[in-house]
Amino acid sequence: MADPKGFMTTPRQEWPRRPVEERVRDWDEVYVPGALLPIISKQADRCMDCGVPFCHDACPLGNLIPEWNDLVSREDWRAASDRLHATNNFPEFTGRLCPAPCEAGCVLAINQPAVTIKNVECAIGDRAWEEGFVPARPPERLSGMTVAVIGSGPTGLAAAQQLTRAGHTVAVYERDDRLGGLMRYGIPAFKMEKHHLERRIGQMRAEGTKFRTSTVVGRDVGAVELCGRYDAVVVATGATAWRELPVPGRALDGIHQAMEYLPLANRVCEGDLEVSPLSAAGRHVVIVGGGDTGADCLGTAVREGAASVTQLDIYAQPDAERDEDTEPWPTYPKVYRLSAAHEEARDLRTAPAADADARLFAASTLHFAGDESGRVRSLHLVEVDERREPVAGTGRTLPADLVLLALGFTGPDQEDGMIAQLGLALTARGTIARDDGFATNVRGVFAAGDAARGQSLIVWAIAEGRAVAAAVDRYLTGSSRLPAPVSPGDRPMKV
């Protein structure tokens with residue numbers, strides 16, 4: 001604890017964002033370059049080094065947060081990087097993309113603003129690359145065992161890196177033409193520029209991990225055939241089966257799933273397309289769904305030059321502070337948060353009729369209406385109460401040339417045939433069933449991440465990747481020294 005009074009003398013200060021008018025004209029990350037390091041050591045000083053650090057339990061990775069906060073406050077960046085990488089393969093990802101449940105569990109957050117744990121983590125990850133603290137770590141010897149990992153999202157990449165470093169020969173199969181899963185084509189570049197992803201993949205290649213892109217297991221290569229080639233298989237395909245909105249007018253042109261829209265915008269940034277065929281430019285956009293994916297659509301539509309953008313959230317507008325009766329510390333509370341995209345929409349007044357920033361809260365879609373050509377032109381909605389029942393007299397109509405459905409995901413996509421070919425058992429929710437050791441009902445096949453857990457956070461994805469790697473290593477060799485931070489039955493802290 002470098003400064004015992006740091007939490008009393010230093011106010012919380014977050015990584016500043018670039019001016020809205022500037023950042024909406026490009027796809028670069030929203031934060032001011034170079035503005036984090038000058039403030040982060042003093043922010044790390046705010047860590048109380050409390051005797052019972054609930055931030056550990058709030059983070060499924062079990063990050064040793066007080067330890068690397070202390071090291072950063074002393075500006076011992078190499079040691080801080082070592083402590084952070086001991087529990088997290090990709091801190092530069094989580095430092096940008098995780099909603100930081102660790103901060104909700106910070107003891108200081110009981111009555112003060114929490115330590116900026118997420119910013120500290122991001123600073124360590126970036127500094128580690130700048131200073132060369134994260135060289136490739138190929139194994140000293142090979143085990144002679146082979147593993148196929150299906151899916152290159154955070155779960156698949158974490159599992160592959162752990163297993164490669166343990167000495168197994170690992171091949172990652174990815175259905176898209178580039179690696180990264182939703183981090184590549186789902187997350188907009190203004191939240192995480194893709195060079196962070198390329199850098200980690202380069203490290204993994206140097207360690208010996210093999211990658212097979214544009215390969216759909218179940219179609220391009222048979223699932224049973226693949227299992228015959230390897231000693232173990234890890235299914236980490238994510239939960240990509242999206243939820244639908246079964247209301248009248250859904251079949252009209254111009255209504256698309258968020259994950260039809262976002263990948264095209266990302267491909268423009270990658271240079272594959274000059275203009276997205278679903279561009280929001282000049283259109284009145286309505287986003288149905290109040291979560292992070294909806295916010296990603298919001299920020300993307302603003303940058304594409306939409307005429308207006310409104311986001312519908314079926315839940316009531318949350319309070320600015322946690323409700324201690326229903327969501328007491330250290331649980332992750334549902335409070336009003338202003339993401340970068342919502343800040344942009346608010347300042348640019350993209351939705352003048354919205355309740356706050358670009359959002360309409362407690363709003364439920366009734367139906368869509370279109371023109372004579374069959375294209376959507378408006379969305380009809382109604383306000384709902386806490387039971388999601390319509391409130392009489394609250395109906396209204398929004399202009400809508402482009403509607404984006406961001407309603408979440410139910411489980412793994414089954415259209416490729418992999419699940420059926422292997423005969424994998426499913427849960428009642430449609431996710432892949434597994435035992436306490438991540439094993440499916442098919443010998444040698446393991447399942448981890450959103451495909452088995454259901455839609456979750458990136459920290460849970462990485463934690464599951466590390467844990468399934470330990471399970472596979474134990475299956476192949478009889479024992480394992482790899483860490484297993486979570487079990488299949490673990491869940492976030494709740495009341």
For this session: Measure the shortest side-chain to side-chain distance between Arg18 and Asp28 over non-hydrogen atoms and say whether it is less than 4.5 angstrom.
Result: yes
Exercise. Heavy-atom distance under 4.5 Å between the side chains of Val147 and Val233, does that happen here?
Worked result: no
For this session: Check whether any side-chain heavy atom of Thr440 lies under 4.5 Å from a side-chain heavy atom of Ile432, and answer yes or no.
Result: yes
Exercise. How long is the gap from CD on Glu344 to CZ on Arg17, to the nearest 0.5 Å?
Worked result: 8.0 Å
Exercise. Taking side chain as C-beta onward, heavy atoms only, is Thr87 less than 4.5 Å from Pro483?
Worked result: no
Problem set entry | Minimum heavy-atom distance Pro60-Ala463, with the two atoms named | O-CB, 3.9 Å
For this session: Specify whether Tyr173 and Tyr230 have parallel, tilted or perpendicular ring planes, treating 30° as the upper limit for parallel and 60° as the lower limit for perpendicular.
Result: perpendicular
Exercise. Is the closest side-chain heavy-atom distance between Arg74 and Ser41 below 4.5 Å?
Worked result: no
Exercise. Can you check whether Thr331's main-chain N or O pairs, donor with acceptor, with Lys494's side chain at less than 3.5 Å?
Worked result: no
Problem set entry | Flag side-chain contact, heavy atom, 4.5 Å: Cys297 against Leu262 | yes
Problem set entry | Heavy-atom closest contact (Asp435 atom, Pro488 atom, distance) | O-CG, 3.4 Å
Problem set entry | From SG (Cys122) to CG (Leu37), nearest 0.5 Å | 9.5 Å
Exercise. What pairs with Glu67 under side-chain hydrogen bond (donor to acceptor under 3.5 Å, both in side chains), at least two apart in sequence or on another chain?
Worked result: Arg83
Problem set entry | Any donor-acceptor N/O pair, Trp15 side chain to Val32 backbone, under 3.5 Å | yes
Exercise. Could you state the interatomic distance from CZ (Arg199) to CE (Met204), rounded to the nearest 0.5 Å?
Worked result: 15.0 Å
Problem set entry | Check: Thr427 side chain, Ala433 main-chain N or O, donor-acceptor pair, under 3.5 Å | no
For this session: Indicate whether any N or O donor in one side chain lies under 3.5 Å from an N or O acceptor in the other, for Gln317 and Asp355.
Result: no
Problem set entry | Distance-minimising heavy-atom pair for Glu464 and Thr155 | C-CG2, 4.5 Å
Exercise. Would you say the side-chain atoms of Thr94 pair up with the backbone N or O of Pro91, donor to acceptor, closer than 3.5 Å?
Worked result: yes
For this session: Answer whether the closest heavy-atom distance between the side chains of Arg434 and Phe446 falls below 4.5 Å.
Result: no
For this session: Give the minimum heavy-atom separation between Ser73 and Asp45, together with the two atoms involved.
Result: CB-OD1, 2.9 Å
Problem set entry | Test log, rule salt bridge (Lys or Arg N to Asp or Glu O under 4.0 Å), inputs Asp82 and Arg78 | CA-CA 6 Å; Asp82 290 343; Arg78 180 183 291 276; 5.9 Å; no
Problem set entry | Full working for side-chain contact (heavy atoms from CB on, under 4.5 Å) between Lys191 and Leu97 | CA-CA 7 Å; Lys191 287 181 68 174; Leu97 303 178; 4.2 Å; yes
Problem set entry | From CA spacing to verdict: side-chain contact (heavy atoms from CB on, under 4.5 Å), Ile287, Val309 | CA-CA 7 Å; Ile287 302 160; Val309 194; 3.7 Å; yes
Seminar exercise, completed: CZ of Phe190 to CD of Glu29, rounded to nearest 0.5 Å, is 11.0 Å
Exercise. With distance as the sole test, does Arg200 use its side chain to make a donor-acceptor pair with the main-chain N or O of His196 at under 3.5 Å?
Worked result: no
For this session: Would you mind listing every ring-ring contact (aromatic ring centres under 6.0 Å, His included) that reaches into residues 68-102, with sequence neighbours excluded?
Result: Phe90-Phe93
For this session: Any chance you could measure Gln455, atom CD, to Arg429, atom CZ, to the nearest 0.5 Å?
Result: 10.5 Å
For this session: Please step through salt bridge (Lys or Arg N to Asp or Glu O under 4.0 Å) for the pair Glu343 and Arg23, ending with a clear verdict.
Result: CA-CA 11 Å; Glu343 179 185 47; Arg23 68 185 193 237; 2.6 Å; yes
Exercise. Counting N and O atoms only, with roles assigned by atom type, does the side chain of Thr164 sit under 3.5 Å from a partner on the main chain of Ala160, one being a donor and the other an acceptor?
Worked result: yes
For this session: Report yes or no: does Arg212 contribute a side-chain atom to a donor-acceptor pair with the main-chain N or O of Arg175 at less than 3.5 Å?
Result: no
Problem set entry | Counterpart residues, side chain to side chain contact (heavy atoms under 4.5 Å, CB included), relative to Arg12 (two or more places apart) | Glu14, Gln43, Arg46, Glu103, Pro113, Ala114, Thr116
Problem set entry | Qualifying ring-ring contact (aromatic ring centres under 6.0 Å, His included) pairs, either residue in residues 311-333, two or more places apart | Phe54-Trp329
Problem set entry | Charged N-O contact under 4.0 Å between Lys194 and Glu270 | no
Exercise. Do you know which two heavy atoms are closest between Thr213 and Asp176, and how far apart they sit?
Worked result: CB-O, 3.5 Å
Exercise. Which pair of non-hydrogen atoms, one from Asp450 and one from Ala239, has the smallest distance, and what is that distance?
Worked result: CB-N, 3.4 Å
For this session: May I ask you to test the Gln203-Gln161 pair for a side-chain heavy-atom distance under 4.5 Å?
Result: yes
For this session: Answer yes if the side chains of Asp296 and Thr293 hold a donor-acceptor pair under 3.5 Å, and no otherwise.
Result: no
Problem set entry | Over 12 foreign heavy atoms within 6.0 Å of CD, Glu140 | no
Problem set entry | Short side-chain donor-acceptor distance under 3.5 Å, His168 and Gln162 | no
Exercise. Within the distance-only criterion (no hydrogens, no angle test), does the side chain of Arg322 pair as donor or acceptor with the backbone N or O of Val335 below 3.5 angstrom?
Worked result: no
Problem set entry | Asp385 vs Arg387, salt bridge (Lys or Arg N to Asp or Glu O under 4.0 Å): CA-CA, chis, key distance, verdict | CA-CA 5 Å; Asp385 60 22; Arg387 300 186 305 277; 3.4 Å; yes
Seminar exercise, completed: side-chain contact (heavy atoms from CB on, under 4.5 Å) with Thr209: of Leu157, Val172, Ile201, only one passes, and it is Val172
Problem set entry | Residue Arg443 excluded, over 12 heavy atoms near CZ under 6.0 Å | no
Exercise. Between Asp177 and Arg184, is a salt bridge (Lys or Arg N to Asp or Glu O under 4.0 Å) present by the stated rule, with each step listed?
Worked result: CA-CA 10 Å; Asp177 58 340; Arg184 171 72 67 180; over 6 Å; no
Exercise. Where do Ser81 and Val134 land on the side-chain contact (heavy atoms from CB on, under 4.5 Å) test, with the steps shown first?
Worked result: CA-CA 8 Å; Ser81 174; Val134 281; 4.2 Å; yes
Exercise. How would you list all residue pairs meeting ring-ring contact (aromatic ring centres under 6.0 Å, His included) that involve residues 96-116, not counting sequence neighbours?
Worked result: none
Problem set entry | Check: Tyr185 main-chain N/O paired with Asn266 side-chain donor or acceptor under 3.5 Å | yes
Exercise. Which value, rounded to the nearest 0.5 Å, describes the distance between Glu321 atom CD and Glu327 atom CD?
Worked result: 12.5 Å
Exercise. Is the shortest side-chain N to carboxylate O distance from Arg349 to Asp357 below 4.0 Å?
Worked result: no
Problem set entry | Contacts of type salt bridge (Lys or Arg N to Asp or Glu O under 4.0 Å), residue Glu121, not counting sequence neighbours | none
Exercise. Does the Arg466 side chain pair with the main chain of Leu61, one donor and one acceptor, at a distance under 3.5 Å?
Worked result: no
